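This structure is a prediction, so every number in the text was calculated from the model and none was measured.
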There are 2 protein chains.
Amino acid sequence: MTPASDLAALAALLADETRAAMCLALLDGRAWTARELAAHAGVAPSTATAHLHRLVEGRLLVERRQGRHRYVQLAGPSVAQLLEDLSARIEPRPTTPRGLRAATASAALSRGRTCYDHLAGRLGVAVTDAMTARGLLDQSGGFALTPAGGAWLTDVLGWDPAEPRPGHRPLVRGCLDWTERRHHLGGLAGAKLCETFFGNGWVTRIGSGRAVRLTPSGRAALRNHLGITLD
Amino acid sequence: MTPASDLAALAALLADETRAAMCLALLDGRAWTARELAAHAGVAPSTATAHLHRLVEGRLLVERRQGRHRYVQLAGPSVAQLLEDLSARIEPRPTTPRGLRAATASAALSRGRTCYDHLAGRLGVAVTDAMTARGLLDQSGGFALTPAGGAWLTDVLGWDPAEPRPGHRPLVRGCLDWTERRHHLGGLAGAKLCETFFGNGWVTRIGSGRAVRLTPSGRAALRNHLGITLD
DNA sequence: GCGATCGTTCGGTGCCGGCCGAACGATCGC
DNA sequence: GCGATCGTTCGGCCGGCACCGAACGATCGC
């Protein structure tokens, strides 16, 4: 009814630890089944059903029914961006992983991961920095693509950012990285770039999570196109 | 403890209508006393005390005690930005104001208002559009200040954006306007510009809210510096 | 000093909502 | 078809928390 109650209703969707865990899991950009999310969050399937209903009703998630499965995913980049913005506000965690498994998993996440549909972690930041150093991105007054950057994207991705694009998702956007505390490249261009990294086999997912690994051909590509050497 | 519980705890701060109303009121960028906020939200002073404690504890608000008064305000631009981002996600309201008072008040807000520390509403968007049309801002690939824009700021504000600045607040930033559904100029430059508008008497506040009115000298200034005519 | 005002603490009340288990329809694989 | 799996609905339990009023300390104006 009032703006305040609207804001409260939106915030209430994320104000429960179970729902928050579900949304954060969905930040990998993929569609999960209800049962997977229930197991991930550690609640009974009946409880998960209620939560997912609320999240879909609140337009944070969209669902796609397929046979006896109910797949659910984030409603779009703007939701992912909102979750990332909120996460970035949280004080940097003292990083005390329990054991070896947790330690290697968190190290892998710091090295490289996806942030919904673009690259993040040290890999994402390194790519962004190299693009800035080469004059492809301009971070001096905001976060913008230069003309040279447009040409570079056309060259590397075979995609011309100048061609008319649907929706009003920004072409580029600085997305605050919660491990590096610096910006990496988001927006439509970031998504296209990430798509190419996967399509060309430059990165592969590690297991089933958000962590990614740079392949040897990816290392070569970074050297060729950006002149940087990683790891 | 876990990222999910952190996110839930942050969201829970805004998940209550009373706290949401308090935060939205504080979006005017000024400091309010506890009692003012209690009256605004329609709760007893004792209730307001508890809410303000939670908001300060959660670092969304900062307090400054002065005599027997306790002034409270938003913890910074990043909090304001977060609130604006959340508000922008809320579906556009059918705008059915109750009576004449409400109608004129909401019309005034649409015409021009402050968005924490910069200009918003039709006024804010018009200034942003004019700056873009004159090549001072570049919105083609992101949201960035051009070299000509830097010179213009130095000329109009007497403030050189190239000089080293403290903190890591972005120089310019596109802030989604919740009445116009388009971007207006935020960030440090937006704040400086707004400061100049007030300092030169180009705009004045209407009553005690966020609404602002363009003065005759402000109209002249817009014509001189940006070549636009409003209202 | 004294009354008025601001903010706080404390006890008590009531409700919202998260959780589970059990039972049930829908779909899949064989 | 038949059992197994996925998701849902329903009832019931329980804890958290938003709210108020009353009483109290602190500060201001006179």
Original post:
Where the side chain of A:T215 meets the backbone of A:G201, is there a donor-acceptor pair that is under 3.5 Å apart?
Top reply: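 Yes, A:T215 side chain to A:G201 backbone: donor-acceptor pair under 3.5 Å.
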**OP:** May I ask you to establish whether B:R113 and B:W178 are in a cation-pi arrangement, using a distance under 6.0 Å from NZ or CZ to the six-membered ring centre and at most 45° from the ring axis?
**Re:**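 Yes, B:R113 lies over the aromatic ring of B:W178.
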[X] side-chain N/O to [N] phosphate OP1/OP2 under 4.0 Å:
X: A:R35; N: D:dC6; value: yes
X: A:T18; N: C:dC19; value: yes
X: A:H51; N: C:dC19; value: yes
X: A:R68; N: C:dG29; value: no
X: B:T47; N: D:dC20; value: yes
X: B:T49; N: C:dT8; value: yes
X: B:R65; N: D:dA26; value: no

Original post:
Taking a pair as Watson-Crick or G-U wobble with both distances under 3.5 Å, which nucleotide is matched to D:dC30?
Top reply: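 Base partner found: C:dG1.
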Original post:
In the strands shown, is C:dC10 matched to any nucleotide by a Watson-Crick or G-U wobble pair with both distances under 3.5 Å, and which?
Top reply: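 C:dC10 is paired with D:dG21.
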Original post:
With under 30° as parallel and over 60° as perpendicular, where do the rings of B:H118 and B:H184 fit, or are they tilted in between?
Top reply: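 Taking B:H184 first and then B:H118, their aromatic rings sit tilted (interplane angle of 30° to 60°).
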Quick one: [X] [atom1] to [N] [atom2], roughly how many Å, whole number?
X: B:L13; N: D:dG16; atom1: CG; atom2: P; result: 17 Å
X: A:R54; N: C:dC19; atom1: CZ; atom2: C1'; result: 14 Å
X: A:R64; N: D:dG7; atom1: CZ; atom2: P; result: 13 Å
X: B:H53; N: C:dG7; atom1: NE2; atom2: P; result: 11 Å
X: B:E17; N: D:dC17; atom1: CD; atom2: P; result: 18 Å
X: B:L37; N: C:dT8; atom1: CG; atom2: P; result: 12 Å
X: B:R19; N: D:dG16; atom1: CZ; atom2: C1'; result: 12 Å
X: B:Q66; N: C:dG7; atom1: CD; atom2: P; result: 12 Å

Subject >> Pairwise 5' ranking along DNA chain C for A:G67 and A:D16, keeping only the more 5' one >> reply: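 Closer to the 5' end of DNA chain C: A:D16.
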Original post:
With nearest nucleotides of DNA chain C determined for A:P45 and B:E36 from heavy-atom distances, which residue corresponds to the more 5′ nucleotide?
Top reply: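 By nearest-heavy-atom nucleotide position, the 5'-most residue is B:E36.
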Original post:
Between the base of D:dG21 and the side chain of B:S46, is there any donor-acceptor pair under 3.5 Å?
Top reply: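 A donor-acceptor contact between them is present.
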Original post:
How far apart are the closest heavy atoms of B:L188 and B:R169, and which atoms are they?
Top reply: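 Heavy-atom minimum between the residues: N-NE, 3.9 Å.
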Original post:
Looking at B:L82, B:L55, B:V62, B:L83, which hits side-chain contact (heavy atoms from CB on, under 4.5 Å) with B:L74?
Top reply: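 Answer after filtering B:L82, B:L55, B:V62, B:L83: B:L83.
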